[in-house]
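What follows is a short report on a single structure.
All values reported here derive from a predicted model rather than from experimental measurement.
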2 protein chains.
Amino acid sequence: MAGAMSGQANSIERRSGVSLWRQIADKILQAIASGDFAENAALPPEMALAERYGVNRHTVRSAIAALVQDGVLRAEQGRGTFVLSRKRLSYPIGARTRFSTGLQGQTTERHIALLSSWTEPATRRIAEALGIARGAAVIRLETRGEADGHPVSRASAWFEAGRFAGIEDAMAETGSITASLRRFGVDDYLRQSTVLSARHADADDLAALDLQPGAIVLVTVAINVTPDGRPIQFSESRFPAERVELKLSASE
Amino acid sequence: MAGAMSGQANSIERRSGVSLWRQIADKILQAIASGDFAENAALPPEMALAERYGVNRHTVRSAIAALVQDGVLRAEQGRGTFVLSRKRLSYPIGARTRFSTGLQGQTTERHIALLSSWTEPATRRIAEALGIARGAAVIRLETRGEADGHPVSRASAWFEAGRFAGIEDAMAETGSITASLRRFGVDDYLRQSTVLSARHADADDLAALDLQPGAIVLVTVAINVTPDGRPIQFSESRFPAERVELKLSASE
DNA sequence: TATAGTTGTCTATATCAATAGACAAATATT
DNA sequence: AATATTTGTCTATTGATATAGACAACTATA
């Protein structure tokens, strides 16, 4: 274990508003995600981790307890603590970002579940993105992306209500944005813009993505357009940073 | 203020390992960054914020105190609390990502400061990325990007030591990766791959980016190649999520 | 079968985080 | 000048976080 975790600074911040056990849990998650531990590998003993991070053994135990609760680790009395989960999923992002095709090879099964949908007036931001009047009716889809039974994304998407009336039914049936858009004559679409940020998960994210409080989510805000440049979809997606990384496609 | 901040769930998680005051500080930062408040606009009164988030007024005061300390807000007794900082910088990422050109129009001045540099053996990951032997000598540059006097990025970059001997001197002189590479006959280069993640800032990030403990950083891991596909640079960059968002170029 | 190493549990103590209430100090408004 | 609004300060109390030490329970190994 001497070399493992060597890439990161083993530093912990006190009085930060983020408890020490959570910071340590984050570091362990990072180490696992970046491949410092193989699956089923043993973590260093609690005393060693405590010394490494300069905290009490009980503080390390709090961090481990949270990760055990989260299904990332398994502790066995007398033997050690072992890694259960695999590396992060690598979610590709580019001009032709599609949920299902992007995760092929990394997962055996994936789909998008429609959580809810309704019609609402367009905010200024959405109206600008879709090139419609502020306050015009837009259909909002709330979805969750799942891969091998685990939630990997949580998204809100907006479509012009006039042009895409009934898209929620198509979405519920097909479980695919691409397939749903095809029913409205959209055979192809491109990612016009993507803006990326990160924040702590809110209550909705926590529930939908099955995260522990305090987790970080990556946020993308995107506009999809038809090949002739007409905007059709505005969306905000949240990805759990501990389970997903975003891979920007090289050529598009 | 009824409509402002409307986009986010006003929910706070308890027993999360992240203190309530930090969660609220995050939400206020988000609201500012997403344009809910104009510069110099007044925040809602402390009592109103306390009610909105379902916490005590003193908890809100802790959040505001942290942001005042951070230079984001200014509190005036009897008047109110006011927004100082502007919206997030939007940092473009694409095939031709360049630090200086990317921020034109948003800032009046920007440059890259070389913090330190040294030669070290290539780790497995770096060797694979650069297409060299594991353990071969690589030059490591530690840099900080600054715009209008404020730090906006913190990066580590690795170059093959044989081909780019002395690049640290070029970097110190020119303050530009592009200009430094030109001295070694690299007139053009492309972003081959970019992988994105997010985590809490570590001690080094906090110091270099002038952040408060508990802040979140966006992390990009990238490989740059010459037009003929030969890898020349491997880098990991950290951006403060509260001050920078990443804008993916449409055509890359 | 000892022994060393590891996780699990318990008690105790100190500090941080959050709530609660009261009132002072400064500002804006009537 | 009087009043309402808002931030600043103080005391007190509770629960979560972190440290410290001791020992039990379990596993692997010499």
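- When heavy atoms are screened at a 4.0 angstrom cut-off, A:Thr81 is found touching the sugar-phosphate backbone but no base atom.
- B:Phe82 places its CZ atom 11 Å from the C1' atom of D:dT7, with the value rounded to the nearest Å.
- Along DNA chain D, the nucleotide nearest to A:Val55 and the one nearest to B:Ala75 differ in position, and the one closer to the 5' end is contacted by B:Ala75.
- OP1 and OP2 of D:dA18 both lie 4.0 Å or more from every side-chain N or O belonging to A:Ser62.
- Regarding B:Tyr53, its OH atom lies at a distance of 15 Å from the P atom of C:dA18, rounded to whole Å.
- Of the candidate nucleotides D:dT19, D:dT7, D:dT9, D:dT9 has the atom nearest to the side chain of B:His58.
- Remark: side-chain polar atoms of A:Arg243 are paired, donor with acceptor, to backbone N or O of A:Leu209 under 3.5 angstrom.
- By the 4.0 Å N-to-carboxylate-O rule, A:Lys247 lies too far from A:Glu245 to be salt-bridged with it.
- Nucleic acid contact for A:Arg14: sugar-phosphate only, since backbone atoms but no base atoms lie under 4.0 Å from a heavy atom of the residue.
- Remark: B:Asp202 does not engage B:Arg238 in a salt bridge, criterion side-chain N to carboxylate O under 4.0 Å.
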Distances under 3.5 Å between protein N/O atoms and the N/O atoms of nucleotides 26-30 of chain C, please, pair by pair.
unit_1	atom_1	unit_2	atom_2	d
C:dA28	OP1	B:Arg79	NE	2.8

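- A:Arg74 places its CZ atom 12 Å from the P atom of C:dG8, with the value rounded to the nearest Å.
- In the set C:dT7, D:dT7, D:dA18, D:dA18 carries the atom at the smallest distance from any side-chain atom of A:Leu20.
- In this structure, A:Glu142 pairs ionically with A:Arg154, as a charged nitrogen and a carboxylate oxygen lie closer than 4.0 Å.
- Residue A:Glu46 contributes atom CD, which lies 16 Å from atom P of D:dC26 at whole-angstrom precision.
- Atom pair A:Arg61:CZ and D:dT17:C1' shows a separation of 16 Å (rounding to whole Å applied).
- Ionic pairing of A:Asp205 and A:Arg199 is present here: one or more N-O contacts between side-chain nitrogen and carboxylate oxygen are shorter than 4.0 angstrom.
- If you take CG of A:Leu43 and P of C:dT7, they are 8 Å apart, rounded to a whole angstrom.
- A pairwise comparison of heavy atoms in A:Ala63 and A:Ala25 identifies CB-N, 3.7 Å as the closest pair.
- For the pair B:Leu89 and B:Val152, the tightest heavy-atom approach, listed with the atom from each and the gap, is CD1-CG1, 3.4 Å.
- In this structure, the CG atom of B:Leu49 is 12 Å from the C1' atom of D:dT6, given to the nearest Å.
- Atom P of nucleotide D:dT6 and atom CD1 of B:Ile64 are separated by 13 Å, given to the nearest angstrom.
- Under 4.0 angstrom from either OP1 or OP2 of C:dT19 there lies at least one side-chain N or O belonging to B:Thr59.
- The base of C:dG21 is not paired with the side chain of B:Arg57 by any donor and acceptor separated by under 3.5 Å.
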